[in-house]
Amino acid sequence: MDVGQVFREERGRLLATLVKRFGDLDLAEEVTSDAIEAALKHWPVDGVPDRPGAWLLTTARRKAVDRLRRDQVHAARLALLQVEVDRADPPTGDGLPDERLELFFTCAHPALAEEDRGALTLRCLAGFTTPEVARAYLVPVTTMQQRIVRAKKKIKEARIPFRVPDPHELPERLPGVLQAVYSIFTEGYAAQRDDLAGEAIRLARILRGLLPDREVTGLLALMLLIHARRDARAELLEDQDRALWDHDMINEGSALAERALTGGHGPYGVQAAINALHDEAPDFGSTDWPQIVALYDVLTTLAPSPVVALNRAAAIAMRDGAETGLALLDALAGEPRLRDYHPYRAARADLLHRLGRDAEAVQAYREAIALAGTESEQDFLRRRLTAIEGQS
């Protein structure tokens with residue numbers, strides 16, 4: 001058994017178990033790291049235990065006792081913990097209860113700043129180090145350290161409970177968890193960080209196993225259907241070589257998208273269905289644009305936003321023509337959220353080019369390049385700009 005794979009699979013469960021036991025995220029993280037460090041020392045010599053989770057949990061408990069023994073403030077808790085450690089029955093099964101669902105909801109609690117939720121999810125559930133989280137979000141390590149400390153302090157001061165919300169709370173709380181996971185995916189996909197995008201998909205699989213909700217299924221389907229095109233993403237969808245797409249991933253994503261729409265519609269399920277139509281078309285010319293527009297109409301009622309309106313306008317342009325689509329885009333020009341959103345400028349540039357208004361298209365592409373957040377996005381837009389300038 002690969003030691004790295006064991007740590008990857010067990011760390012999140014171990015941390016969640018310890019947070020629930022101690023009610024202290026910092027302490028749980030410290031003793032989780034201590035237990036893994038001990039495993040790195042002993043397992044290469046003694047071999048990976050039959051129940052690695054049980055080994056890690058027992059070790060982490062004893063490390064917690066050692067740390068609390070040095071802290072007089074926690075003397076009362078230490079006494080109780082020592083009795084618990086001494087009397088604890090050997091864990092059954094693989095050794096760890098799976099309490100990660102509670103940790104998902106803690107990391108994405110609405111009391112936390114939105115920008116901190118994805119970062120904390122990566123830190124706690126994916127096991128990323130602070131420098132790795134900083135790299136994922138393209139910020140300095142010191143900035144990310146401050147954000148994570150701020151989030152942990154908020155959890156402690158606001159007494160955010162480590163629990164799964166009651167059924168009547170789920171409709172309000174679950175979207176925050178899904179958004180935290182999806183933000184990790186979009187950061188990774190845009191930056192061509194397939195390890196990061198893949199980690200978001202892994203987290204979504206874990207979440208779906210713990211909470212088989214329709215929208216959790218829709219989120220997993222959506223990410224699979226987008227990630228299936230990763231090897232061809234350097235081009236516009238219409239120019240992509242579909243032989244490079246991961247068709248096994250498409251098949252899985254399409255089946256999940258269908259399941260997500262069974263019995264109702266949710267935003268992630270509808271977005272997954274839109275991407276399934278893109279991925280299942282044998283070529284770009286065969287895309288079912290009327291059905292895609294109809295799905296965007298549904299999405300507009302479920303989760304209206306300027307970005308949804310932008311994507312709907314682009315789909316209408318494919319169904320009804322570039323002039324109609326451009327009129328819809330121009331009607332969105334006053335939306336504050338789109339002012340610095342480079343895909344809006346890029347979409348206008350594409351439609352202007354299709355209408356033969358290349359001077360305006362060049363200017364729109366230059367604006368999009370100036371707003372693009374990653375080098376890969378800028379490179380793509382520069383190629384589009386160069387192609388138009390070469391035709392002039």
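Along the sequence shown, residues carry numbers from 1.
- Of the charged side-chain nitrogens involved, at least one lies within less than 4.0 Å of a carboxylate oxygen, so that R348 and D330 count as a salt-bridged pair.
- When side chains are defined from C-beta on, F380 counts as touching L236, because their heavy atoms get closer than 4.5 Å.
- Residues L203 and L207 fail the side-chain proximity criterion, which asks for heavy atoms closer than 4.5 Å.
- By the 4.5 Å heavy-atom criterion applied to side chains, L256 and R208 are counted as neighbours.
- In this structure, L125 is not a member of the same hydrophobic cluster as L27, with clusters built from ILVMFWY side-chain heavy atoms closer than 4.5 Å.
- Looking at T106 and L112, their side chains never come closer than 4.5 Å, going by heavy atoms from C-beta outward.
- Remark: E252 engages R205 in a salt bridge, criterion side-chain N to carboxylate O under 4.0 Å.
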Requested in this report: Check the pair I250, L225 against side chain to side chain contact (heavy atoms under 4.5 Å, CB included), reporting the backbone distance first and the verdict last.
Outcome: CA-CA 5 Å; I250 290 171; L225 290 162; 4.3 Å; yes
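- A centroid separation of 6.0 Å or more is found between the aromatic rings of H227 and W245.
- A salt bridge does not link R357 with E323: none of the charged nitrogens is closer than 4.0 Å to a carboxylate oxygen.
- The environment of CD in E37 is sparse: at most 12 heavy-atom neighbours from other residues, nucleotides or ligands sit within 6.0 Å.
- The two residues L310 and A347 have their closest heavy-atom pair at CD1-CB, 4.0 Å.
- When side chains are defined from C-beta on, W43 counts as touching P52, because their heavy atoms get closer than 4.5 Å.
- Annotation: ring-ring contact (aromatic ring centres under 6.0 Å, His included) contacts involving residues 248-274, sequence neighbours excluded, comprise Y182-Y268.
- Salt-bridge formation is detected for the pair R202/E199: a Lys NZ or Arg NE/NH1/NH2 atom is positioned less than 4.0 Å from an Asp or Glu carboxylate oxygen.
- A 6.0 Å sphere centred on CD of E238 holds more than 12 heavy atoms belonging to other residues, nucleotides or ligands.
- Q192 contributes no side-chain N or O that, together with a main-chain N or O of S376, makes up a donor-acceptor pair within less than 3.5 Å.
- A salt bridge links D350 with R354: the closest approach of a Lys/Arg side-chain nitrogen to an acidic carboxylate oxygen falls below 4.0 angstrom.
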Using a 3.5 Å cut-off and no angle test, enumerate the donor-acceptor pairs between side-chain atoms of residues 335-344 and protein atoms at least two apart in sequence or in another chain.
{"unit_1": "Y344", "atom_1": "OH", "unit_2": "L329", "atom_2": "O", "d": "2.7"}

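- No salt bridge links K154 with D116; every basic N to acidic carboxylate O contact stays at or beyond 4.0 Å.
- Remark: side-chain polar atoms of R214 are not paired, donor with acceptor, to backbone N or O of R259 under 3.5 angstrom.
- Contact check on R382 versus E375 returns a salt bridge, with a Lys/Arg side-chain nitrogen under 4.0 Å from an Asp/Glu carboxylate oxygen.
- Within 6.0 Å of atom CD in E258, 12 or fewer heavy atoms from other residues, nucleotides or ligands are found, so the atom counts as exposed in its surroundings.
- Judged by distance alone, with hydrogens and angles left aside, the side-chain atoms of S254 form no donor-acceptor pair with the main-chain N or O of N251 at under 3.5 Å.
- T58 places no side-chain N or O within 3.5 Å of a backbone atom of W55 that could act as its donor or acceptor partner.
- Closest of all the heavy-atom pairs between L170 and P175 is O-CD, 3.9 Å.
- No salt bridge links R229 with D241; every basic N to acidic carboxylate O contact stays at or beyond 4.0 Å.
- V362 places none of its side-chain heavy atoms less than 4.5 Å from the side chain of L352.
- With hydrogens and angles disregarded, no donor-acceptor distance shorter than 3.5 Å links the side chain of E169 to the backbone of P165.
- Between I274 and N311 there is no side-chain heavy-atom pair separated by less than 4.5 Å.
- The pair D283-R242 fails the salt-bridge criterion, with no side-chain N (NZ, NE, NH1 or NH2) lying under 4.0 Å from an Asp/Glu carboxylate O.
- T143 places no side-chain N or O within donor-acceptor distance of the main-chain N or O of V139, the cut-off being under 3.5 Å.
- For Y296 and W289, the ring centers sit 6.0 Å or farther from each other.
- Between the E102 side chain and the F162 main chain, no donor and acceptor come within less than 3.5 Å of each other.
- The salt bridge (Lys or Arg N to Asp or Glu O under 4.0 Å) check on D195 picks up R193, with sequence neighbours excluded.
- Judged by the 6.0 Å and 45° rule, R233 forms a cation-pi pair with Y189.
- The shortest distance between side-chain heavy atoms of L18 and L57 falls below 4.5 Å.
- Here the closest heavy-atom approach between residue A39 and residue P44 is recorded as O-CD, 3.5 Å.
- A cation-pi contact links R147 to Y137, judged by a cut-off of 6.0 Å to the six-membered ring centre and 45° from its axis.
- Side-chain atoms of T300 and R312 include no donor-acceptor pair closer than 3.5 Å.
- Ion pairing between a basic and an acidic side chain is recognised when a charged N comes within 4.0 Å of a carboxylate O; D46 and K41 show no such pairing.
- For L351 against A317, the heavy-atom pair with the smallest separation is CD2-CB, 3.8 Å.
- Under the 4.0 Å criterion applied to side-chain N and carboxylate O atoms, E99 and K20 are assigned as salt-bridge partners.
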Requested in this report: Apply side chain to side chain contact (heavy atoms under 4.5 Å, CB included) to the pair Q179 and R117, showing each step before the final yes or no.
Outcome: CA-CA 9 Å; Q179 182 56 46; R117 297 173 198 166; over 6 Å; no
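- Between E377 and T374, the side chains place a donor N or O and an acceptor N or O closer than 3.5 Å (distance only, hydrogens not considered).
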